[in-house]
Every structure is written in C-alpha cells, then in structure tokens.
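This report concerns only the one structure given below.
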There are 2 protein chains.
Amino acid sequence: MIENAYYTPEVHGAYELIDVGDLELEEGGVIPGLRLAVATRGELNAAKDNAILVTTWYSGTHEIWTREYIGPDHALDPERYFIVIVNQIGNGLSTSPHNAPGDIAMSRFPRVRVGDDVVAQERLLREHFGIERLQLVVGGSMGAQQTWEWAVRFPDKVLRAAPIAGTAQNTPHDFLFTETLVETIECDPGFAGGEYASNTEVEAGLKRHAKLWSAMGFSTEFFKTEHWRGIGFEDRETLQTAFMEPYFTAMDPNDLLAMAWKWQRGDVARNAGGDLAAALGRVTARLYAMPISEDMFFPPRDCAADAALVPGAEVRVIDSVSGHLGLFNLEATYMPQIDENLRDLLAQEV
Amino acid sequence: MIENAYYTPEVHGAYELIDVGDLELEEGGVIPGLRLAVATRGELNAAKDNAILVTTWYSGTHEIWTREYIGPDHALDPERYFIVIVNQIGNGLSTSPHNAPGDIAMSRFPRVRVGDDVVAQERLLREHFGIERLQLVVGGSMGAQQTWEWAVRFPDKVLRAAPIAGTAQNTPHDFLFTETLVETIECDPGFAGGEYASNTEVEAGLKRHAKLWSAMGFSTEFFKTEHWRGIGFEDRETLQTAFMEPYFTAMDPNDLLAMAWKWQRGDVARNAGGDLAAALGRVTARLYAMPISEDMFFPPRDCAADAALVPGAEVRVIDSVSGHLGLFNLEATYMPQIDENLRDLLAQEV
C-alpha cells in the first residue's frame with residue numbers, strides 16, 4: 001500500500017467504493033473483496049430501466065466523463081438517465097496494485113483481463129443497484145474494450161453499445177505499442193521490479209511514458225497544425241511539461257502496468273473459443289463503433305473491421321485532429337459529434 | 001575509438017574511405033580530415049555527365065542500396081549510370097563518433113546537420129570525381145532529407161531528385177518520435193553519457209530502440225495482416241529477435257544518436273532564412289516525391305505538402321503495407337514501383 005494523493009476524491013471528484021466480493025480471475029487467482037470506485041449521475045427510475053454504464057480508459061477515471069461527457073447539455077443526460085461510471089480494476093481508484101492488500105500489492109498484483117472487469121461490473125450493477133438491463137454501454141479506448149466485451153458477454157443486458165476509439169480484439173500493432181509503453185517504465189532503475197517506495201522514484205520512466213504517449217496518442221497532423229495552441233499551450237514542450245508529464249508522473253507505475261497488461265490482451269474472441277466472427281455475431285445491441293479519424297493505434301479501419309462482424313452495427317467516425325487523445329475533448333468540434341451520435345443511438349428502437 | 005566488427009567491408013561490402021579535408025560545421029566546430037565511405041557502381045563517362053548520387057538513411061549504409069536498389073534490372077542501372085553511394089556522416093562507416101579521433105570521439109562528437117553532409121558530398125563529387133552535375137539524387141528517409149537539401153542548395157547541379165519516404169522540413173511529430181527513440185538508448189545505465197566501452201554495454205537500450213522502431217517503422221496494417229510471414233518470419237517475436245534486434249544491437253549507440261540529432265533538424269528552409277516556400281521554390285530539378293502509403297511518421301500528406309512548394313514536382317505514392325521500413329524492400333510489389341518511377345523520372349527531359 002502506497003500513499004498517493006492523486007487517487008483521491010479531492011482530485012477526481014466524489015466516488016463510492018463498493019465491495020463486490022471476491023473476484024476470481026480468468027488468469028487464475030482472486031481479488032478478495034474487490035472494491036470498485038463508482039460515481040453516478042441522475043436517478044435510477046422505479047423500473048430500473050434507464051441505466052447507462054460508462055467504462056474508463058487507460059490512466060483515466062470517472063472524472064473526465066463527469067467533466068466533459070455527462071450533463072444536461074449532453075446525450076449522457078442525468079435528467080433522463082441513471083449514469084453509472086465504474087472505474088476499471090487497476091486504475092488507482094478501484095482495487096489496484098498500489099492500494100491492494102499486502103499479499104496482492106504492488107508486483108504481486110494478479111493479472112486482470114477485460115473480461116474480469118466486465119464480470120465485476122455486471123455483478124455490481126445487479127447486486128448493488130438491481131440493474132438487469134442497460135440502455136447503453138459506452139467507453140473510450142480501454143473503455144471501448146470493456147464496451148465490446150459487455151456486448152458479447154451479456155447480449156441480453158446491453159440494448160445499445162458505443163465503443164469509442166477502441167477495438168473488440170486488440171491488434172498486434174497495438175500490443176507492440178503498449179509493450180514500448182511498458183518498457184519506458186520498467187527500464188527505470190527506480191522501478192525496482194515494481195517494489196519502489198513511491199511513484200516519485202519512477203519519475204524519469206513516467207516522463208518517458210508521457211512522451212511516448214504524445215508520439216502515438218496525438219497525431220502527426222495534431223503536431224503539424226500546432227493544435228497544442230488550440231488547447232492552450234504555447235509550444236510542444238509546454239504541452240509536454242505542463243500537461244502530459246504532470247498527468248502521468250502523478251500516477252502509480254504498477255497501476256499503469258496492470259492496465260497495460262489488460263489492454264494488450266483485450267479480445268472478445270475469448271468468449272467463442274478464439275472465433276472473433278462468432279463472438280461478435282452474438283451481439284444483439286444496436287452498436288455504433290466510433291473510431292477517431294486520426295487515431296494512430298486504433299485506426300478507423302481496425303474498428304470498422306470489428307464492427308463489420310456485428311449484425312446491424314454502424315461505424316461513425318469522429319473527426320479529430322488530436323488522434324486517440326482527442327478522447328480528452330480537445331477540440332470544440334469533438335463533443336458535438338459524440339453527442340450527436342450517442343443521441344442517434346439512444347433514439348434507436350431496440 | 002571503439003572496435004566494432006559491424007562497420008567493416010566484410011559486413012557491408014567494399015567501400016573506399018575518401019578524405020575530403022576538414023569540414024566546418026553549421027553548428028560550429030570542425031571535423032578534421034572528414035572521411036566519407038563511398039561505394040560506386042558503373043563507370044563515369046568521359047563527359048562526366050552520367051552520375052547519380054545515392055544518399056543513405058538512419059542506420060543504413062550503401063549495402064542495402066547495392067543489394068536491393070541497384071543493378072542491371074533496376075532503374076539505377078550501372079550499365080548506364082555511374083552511381084555513387086555516399087554513407088552519411090555518423091553512420092559508422094564514414095567519420096562517426098565511434099571511429100573519430102579522440103578529441104571528437106564518442107560523446108565529444110560535434111553536431112552535424114544534413115547541410116553538412118550535402119556540402120561534404122558536393123566537395124567529394126567535385127574534387128574527387130570531377131562531377132559537376134548529377135542526373136539524379138535519390139535517397140530514402142534521412143537520404144530523402146539529403147536529397148531535398150541537394151535540390152535546394154545546389155539547384156544547378158541536380159537535374160532530377162527523388163526523395164523517398166522523407167520530408168524537406170522535418171515535422172514536429174517526427175522530431176518527437178525521434179526523441180523517444182533517443183531516450184530508449186540514453187536511459188540505459190550502460191550508455192554512461194556516451195562513454196561506454198562497447199556497444200554491448202548498451203544492449204538493453206538498443207533492443208528497446210529496435211522495438212520502438214517496429215512500432216512506428218512498420219504499420220498497423222503490416223502487423224494486422226501478419227506481413228512478417230511475407231518476409232520469412234513465423235511470428236512477430238521472431239521478426240523482433242531475428243531481424244530488428246540483431247540489426248540495431250550491432251550498431252554503435254553514439255553513431256545512432258548523431259544521426260538522430262541530424263534527422264530531427266532536417267530543414268531546407270534554413271537555406272532561405274526559415275522560409276520553406278522560398279527554399280523549395282528555388283528547386284529546378286525535376287522532382288518526384290515518393291512517400292510510402294502506410295508510413296506512420298513521414299506520411300504521404302507531409303511529403304506532398306513539401307512537394308507542392310516545388311515548381312513542377314510530382315507526388316508518386318509507393319504502395320506498401322510495410323510502412324516506412326518498406327524501404328528495406330519487404331514486398332515483391334515494392335521495387336517495381338520504385339523502378340517504374342525512377343525510370344519515368346530519368347526519362348524526363350531536363
């Protein structure tokens with residue numbers, strides 16, 4: 001257990017830690033008394049049929065969703081829907097390497113898969129909230145991986161699904177890119193095989209991590225058009241030192257690596273003996289795959305290839321020069337596209 | 001001076017080390033008695049007007065050109081042309097950090113720019129071979145940077161130019177990507193600020209370097225289509241351990257970093273007070289910009305943007321799933337496209 005002031009309500013806004021019991025993991029092992037950090041907006045109606053599940057991305061929490069994506073002016077409108085944002089396992093707010101009990105703390109944290117998250121989320125919704133069906137599951141990047149997994153694993157429970165900037169089966173290139181991200185941290189002598197005393201000992205590695213994220217997370221066109229100006233930075237260096245570096249150096253290295261391991265292995269085909277087409281063929285949700293146009297590692301064609309295997313799915317490309325990190329809502333034109341597509345999707349009869 | 005068996009004729013084929021005298025550098029300082037490693041094919045005719053200059057890329061030497069690009073079946077035909085391949089400064093065969101005299105050896109090697117290479121190459125061609133005009137300058141990647149520089153700096157000497165997979169002005173994204181490449185090496189404790197005793201001490205860093213090259217140097221589609229099979233590897237891991245890792249771990253870290261520094265700052269606009277349009281407007285060569293379709297860091301649109309500033313230039317996109325590293329001729333469809341475009345270009349009246 002490491003104290004880290006970043007993983008607190010003061011930084012991320014209020015959330016509830018909900019114990020969903022022991023979680024047996026696909027890779028073996030168990031997380032005893034798994035605690036999921038959950039934030040909600042809106043009210044669950046009496047029929048319990050107005051719920052939307054939001055899943056979180058690598059390094060992200062519920063905070064970006066409550067700040068940028070959810071509100072009365074958005075498709076994710078708390079006046080109409082009960083919106084449940086569940087922080088993924090390992091993200092630092094839910095049970096994670098840095099806050100886990102000693103025998104599974106730090107380098108001893110077990111391997112967690114996307115499917116484990118989804119099983120835990122389903123249990124949470126059912127047992128804690130009494131929710132049996134979801135109007136929508138939506139998430140970006142690793143949140144998209146969870147969204148795809150939900151649609152495949154629990155088709156009867158998911159009426160609509162909107163995986164943004166993420167694939168149902170992680171691609172080999174994406175696996176490789178994530179490997180290079182992992183190495184930026186693991187090669188830091190301060191990482192000490194995951195047994196550092198504080199994340200500050202791994203600062204150099206986390207800064208390299210932040211830089212590599214910039215190289216693949218934005219886009220060639222983001223830099224060429226100097227779009228950093230559009231988000232308030234005077235130059236590329238300031239984007240790095242005032243945004244990317246503080247963002248990642250605040251985080252826990254083992255938490256990031258737990259998520260990275262999971263991200264690399266996201267694959268709904270595991271639900272059908274490795275047959276991706278069979279797995280995606282099970283989806284009954286109305287599904288809009290929403291890749292980001294300039295995404296360098298979840299490019300639209302990869303997302304579209306997965307969507308093509310889902311009956312009736314549509315591909316709605318989000319135009320964004322910011323690339324994958326456009327997910328942070330870095331352009332005035334971004335959120336209107338998200339909202340328009342989610343409104344369309346939520347208006348679909350199912 | 002470090003002994004490194006990689007940088008020998010046994011590995012790269014014969015070359016001549018030609019002393020072009022002292023080279024004063026744009027960044028200040030001087031390389032005394034600069035030695036350029038030069039390989040030639042064909043015969044210089046009596047009029048000395050059948051010469052083609054080939055420039056080399058990051059980590060590359062003349063060897064890949066003599067093996068893959070030059071021959072009687074290629075546009076670069078030694079039966080018609082006198083082809084001079086000049087290894088760039090810092091590439092390990094020409095004067096480089098690992099083989100330089102003590103006062104400029106290793107971490108003391110001065111900063112070298114693309115313009116310095118081109119000045120040295122012009123001097124070599126004129127003083128050593130008596131060549132005043134070139135039928136063609138052609139190179140890939142950093143070789144493309146030198147090609148652009150030649151066309152801008154010596155317009156009267158360059159009749160035709162074919163920059164393959166490279167820009168005239170390096171983009172900010174490309175600068176950043178190269179920074180992440182540099183960090184894979186510099187963060188290795190064995191690098192010791194550039195004062196290692198052998199490149200083997202930096203093996204871990206060089207392996208990370210090789211991995212990051214795979215992530216950006218190939219393409220998402222290369223991995224998705226498992227094109228490694230097409231080039232003789234059974235899986236992605238073997239591609240890494242049997243090709244990329246041996247390739248880079250044989251090399252000298254300081255040599256790579258000298259090239260990386262140069263690559264980051266390639267910019268023909270320096271010839272016109274920072275005005276890219278003015279610089280490229282000076283080009284009188286017939287120029288075909290030949291970006292590679294799936295190149296992730298010299299994407300076609302960036303190459304096309306530079307070409308648009310050159311009077312009469314054409315953009316000829318080379319279709320290749322291999323991305324930037326398609327330069328290694330990894331597909332049966334690659335070289336025919338290169339040859340067709342170079343034949344077209346060489347057939348152009350100038």
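Note: hydrogens, waters and symmetry copies are ignored here, and every other heavy atom, side chains too, is used. The shown structure was predicted, so the numbers you read here are calculated from the model rather than taken from an experiment. Chain naming here is simple, since letters A, B, ... match the order of the sequence lines and numbering starts at 1 in each.
There is no contact between A:Ala204 and chain B, counting heavy-atom distances below 4.5 Å. With a 4.5 Å cut-off on non-hydrogen atoms, B:Asp188 does not touch chain A at all. With a 4.5 angstrom heavy-atom cutoff, B:Arg208 touches chain A via backbone and side-chain atoms both.
Scanning all heavy atoms of the two residues, the minimum distance from A:Met296 to B:Thr220 falls at O-CG2, 3.6 Å. Scanning both residues, A:Ala215 and B:Phe177, for their nearest heavy atoms gives CB-CA, 4.3 Å. In this structure, A:Pro172 and B:Trp228 approach most closely via the heavy-atom pair CB-CH2, 4.4 Å.
Atoms SG and CD, from B:Cys187 and A:Glu183 in turn, are 9.5 Å apart once rounded to the nearest 0.5 Å. Residue A:Phe218 holds its CZ atom at 9.5 Å from CG of B:Leu176, rounded to the nearest 0.5 Å.
Considering only heavy-atom pairs separated by less than 4.5 Å from chain B, the leading option among A:Leu212, A:Thr184, A:Thr171 is A:Leu212. The most heavy-atom pairs under 4.5 Å with chain B, out of A:Arg301, A:Glu179, A:Gln240, A:Lys224, come from A:Arg301.
When atom types are taken as modelled, the side chain of A:His173 and the backbone of B:Glu221 share no donor-acceptor pair closer than 3.5 angstrom.
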